[in-house]
2 protein chains.
Amino acid sequence: MAKIHEVAAAAGVSISTVSYALSGKRSISPDTRRRIEEAARELDYRPNAGARMLAGRRTQIFALTEPFRADTHAPAHMAFVLATSIAARRYEYDILLLTEEEASAGMRRVASSGLADGVLVLDVAPDDERVDLARRIALPTVFIGVPDDHEGLVCVDLDFEAASALAVDRLADLGHRSIGFVGHPPTSYEKSNFPPRVRRGLEARAAERGVACTTVLPESDGPRRAPVRAAVRDLVEGGATALVLHCDDTSHAVALDELAALGRRVPQDVSVVSVGATFETSSFQPPIDSVPLVPSASCELAVELAMRMVDGGEVPAAVHLIAPEYRAHGSTAPPGGASG
Amino acid sequence: MAKIHEVAAAAGVSISTVSYALSGKRSISPDTRRRIEEAARELDYRPNAGARMLAGRRTQIFALTEPFRADTHAPAHMAFVLATSIAARRYEYDILLLTEEEASAGMRRVASSGLADGVLVLDVAPDDERVDLARRIALPTVFIGVPDDHEGLVCVDLDFEAASALAVDRLADLGHRSIGFVGHPPTSYEKSNFPPRVRRGLEARAAERGVACTTVLPESDGPRRAPVRAAVRDLVEGGATALVLHCDDTSHAVALDELAALGRRVPQDVSVVSVGATFETSSFQPPIDSVPLVPSASCELAVELAMRMVDGGEVPAAVHLIAPEYRAHGSTAPPGGASG
DNA sequence: TTGAAAGCGATACCAG
DNA sequence: CTGGTATCGCTTTCAA
């Protein structure tokens, strides 16, 4: 824990010069800079965090609020936390965790104690309690996800409607006239903010393209995930030549397994596209086309916006949608294989 | 962001009195204290974090290092992060996230910048790179998990050996003479620190009790988790009258499903005990006896030790083992049902 | 029981 | 291009 004056002494300069040299906030002669950097390195010097917060006007910390809900999908959640942390570090920012009940109390606490420069909100619910709070506190806040009432808020998310539309377009372009949609369990459409958007986008674009679309929202439990299997069977036997999946990874695997059990080949007999997945769909057997939800994309944008706000820049209080991207892995083809 | 002098003015006292009243570090007349607390509440005052770090000698922050390894079991990991955060908040401490590559660089950074008062290490590998680092930095560090080389370190963990022994004792006491052990996939025994301890404890106690013990470490993939099913089948058909499980939740479910498929009732035909699970085993069909790994227990102890170290107290540099607890849910019985 | 004032260790303004 | 120094907001002696 060397201090700045030790570095100054070692380099034979004043402490202000050390500060400027290390922050790069004013020009320093090459020679002086070199001596300072060397001294800093040898002493393993880093500015004291507390002093820096106090003297400078930033903490270099973002608070990350995440209510670990019981129904939170852990792997996806971890991916977002990790992506946020990595994105923040690019700007030399650290992440402070705010969990559970603490989500609200914590935001207040962090705001009034100046512990963080901004707040990133994860795992957003449609009627999220953190919405009101965000409007009240005077701290830059970015939602990663879109609550129902998002007026005046800065939100970041994948354009799920467009993602679904992309999937429908792909299938419609190939000639499919009837597609089946396997979604999350019904409760997800109330507790989470994005499943409804996927469904809406899908059904809307299907209607536009004159494609028949049947939606099933199977429970994700039961022995061998029977509901998912039944959904797949019903859809395929009902005439769907393509399946769009928006569900967890296990349900994906089960759906593929059921197709195999039914003797339907992918993509010859049935085309399959995954929408909004945070997991790798290319490692399924067979690999599945995907319009993924990429955590790093959302989190990087969120952090960038938060940084801009911290720097006093203008950031529109609006939903910042991320354009979806179609990733082909060979699971789609024109309809008409065996069932031709 | 009210400041201390505003509170002092509002309460008609000096700032030092406000500081003392709020920290409780010296006695204040009841009346004065009341006025100060009221003023603080009305102004929503909280000490500025940076100023507090600088003037006081603590940051009120613990760094939590967690390398989000690819093979990390997300739900368990989340449970530990959450438990750590909750435990820390009891002491008015916040959690700063240190991830990935940053695990090592971050520890160094946090130590030399005085960003945290201590470090909590999660997801410990047998040959963890953070071990050497922990010895080098001058920051109280507590490992939640036990690396192979833990000399001079403060570690906290469930006594897995004792947990296994508890399971064996239960079964041996009931009269079982041959038990099967279904463990994690083989690679887990290298990448993670506790599976070997479970296995060791199990086999040792089985030997002591004169109970035959067959170990199988099935892969946790394949269609319908065939390896797990095969393991269960082989063990049961090989004469095991009881199964001890130390694997993920899905494998538990699959194992039970396979027993049902084999026509073996639990516990009449086969007894089943789960060891070291972080998930709820009482909601399986049927509910399963468990000697669980309780995240809150480990994390609370870790935080308590870290706090004691921060406060300058004595904490033995040793492995602090948590005594396991047997939770009966009706999945064990004397052997001799159908197979009499 | 209370108050005045000396730091804590940086940043950034004002000079030179 | 470099230095002196006021300042950030609190904690904690030292005095009364």
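Note that these values count all heavy atoms, side chains included, but never hydrogens, waters or copies made by symmetry. Letters A, B, ... mirror the listed sequences (proteins, then strands); counts begin at 1.
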Item to check | Rounded to 10 degrees, the angle between the two terminal axes of the helix from C/dT1-D/dA16 to C/dG16-D/dC1, each from five pairs | outcome: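 Inter-axis angle at the ends, rounded: 30°.
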
Item to check | Residue-phosphate contact under 4.0 Å: B/Thr32 side-chain N/O, C/dT1 OP1/OP2 | outcome: no

Checklist entry - Closest to the A/Ser14 side chain: C/dG9, D/dT2, D/dG3? => result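 My answer, after comparing the listed nucleotides, is D/dG3.
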
Checklist entry - Run the side chain to side chain donor-acceptor pair (under 3.5 Å) check on A/Ser29 and A/Thr32 step by step: do they pass? => result CA-CA 5 Å; A/Ser29 78; A/Thr32 305; 2.7 Å; yes

Quickly work out the [X] [atom1] to [N] [atom2] distance and round it to whole Å.
X       : N      : atom1 : atom2 : answer
B/Arg34 : C/dT1  : CZ    : C1'   : 16 Å
B/Leu54 : D/dT11 : CG    : C1'   : 10 Å
B/Leu22 : D/dT11 : CG    : C1'   : 12 Å
A/Arg33 : D/dT2  : CZ    : C1'   : 13 Å
A/Met1  : C/dG9  : CE    : C1'   : 10 Å

Next on the checklist: For the OG1 atom of A/Thr141 and the CG atom of A/Leu133, what is their distance to the nearest 0.5 Å?
Outcome noted: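 Reported value, rounded in 0.5 Å steps: 8.0 Å.
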
Item to check | Protein proximity profile, nucleotides 10-15 of chain C - base contact B, sugar-phosphate-only contact S, no contact -, cut-off 4.0 Å on heavy atoms | outcome: BBBBB-

Next on the checklist: I'd like to know if B/Asp149 and B/Arg135 make a salt bridge, using a cut-off of under 4.0 Å between side-chain N and carboxylate O.
Outcome noted: yes

Checklist entry - Can we say B/Arg46 and B/Asp44 salt-bridge, meaning some charged N sits less than 4.0 Å from an Asp/Glu carboxylate O? => result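 Here B/Arg46 pairs with B/Asp44 in a salt bridge, since their nearest N and O are under 4.0 Å apart.
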
Checklist entry - Run the side chain to side chain donor-acceptor pair (under 3.5 Å) check on B/Thr65 and B/Arg130 step by step: do they pass? => result CA-CA 9 Å; B/Thr65 89; B/Arg130 294 167 294 180; 2.7 Å; yes

Item to check | Close side-chain approach of B/Leu293 and B/Phe279, heavy atoms under 4.5 Å | outcome: no

Next on the checklist: Using the rule given for salt bridge (charged side-chain N to carboxylate O under 4.0 Å, His left out), can you reason through B/Arg136 versus B/Asp132, listing the C-alpha separation, both sets of side-chain angles and the distance that settles it, and then say yes or no?
Outcome noted: CA-CA 6 Å; B/Arg136 243 190 299 283; B/Asp132 281 332; 5.0 Å; no

Checklist entry - Tell me the ring pair (Phe, Tyr, Trp, His ring centres under 6.0 Å) pairs involving residues 87-117 of chain B, sequence neighbours left out? => result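 Matches after skipping sequence neighbours: B/Phe62-B/Tyr93.
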
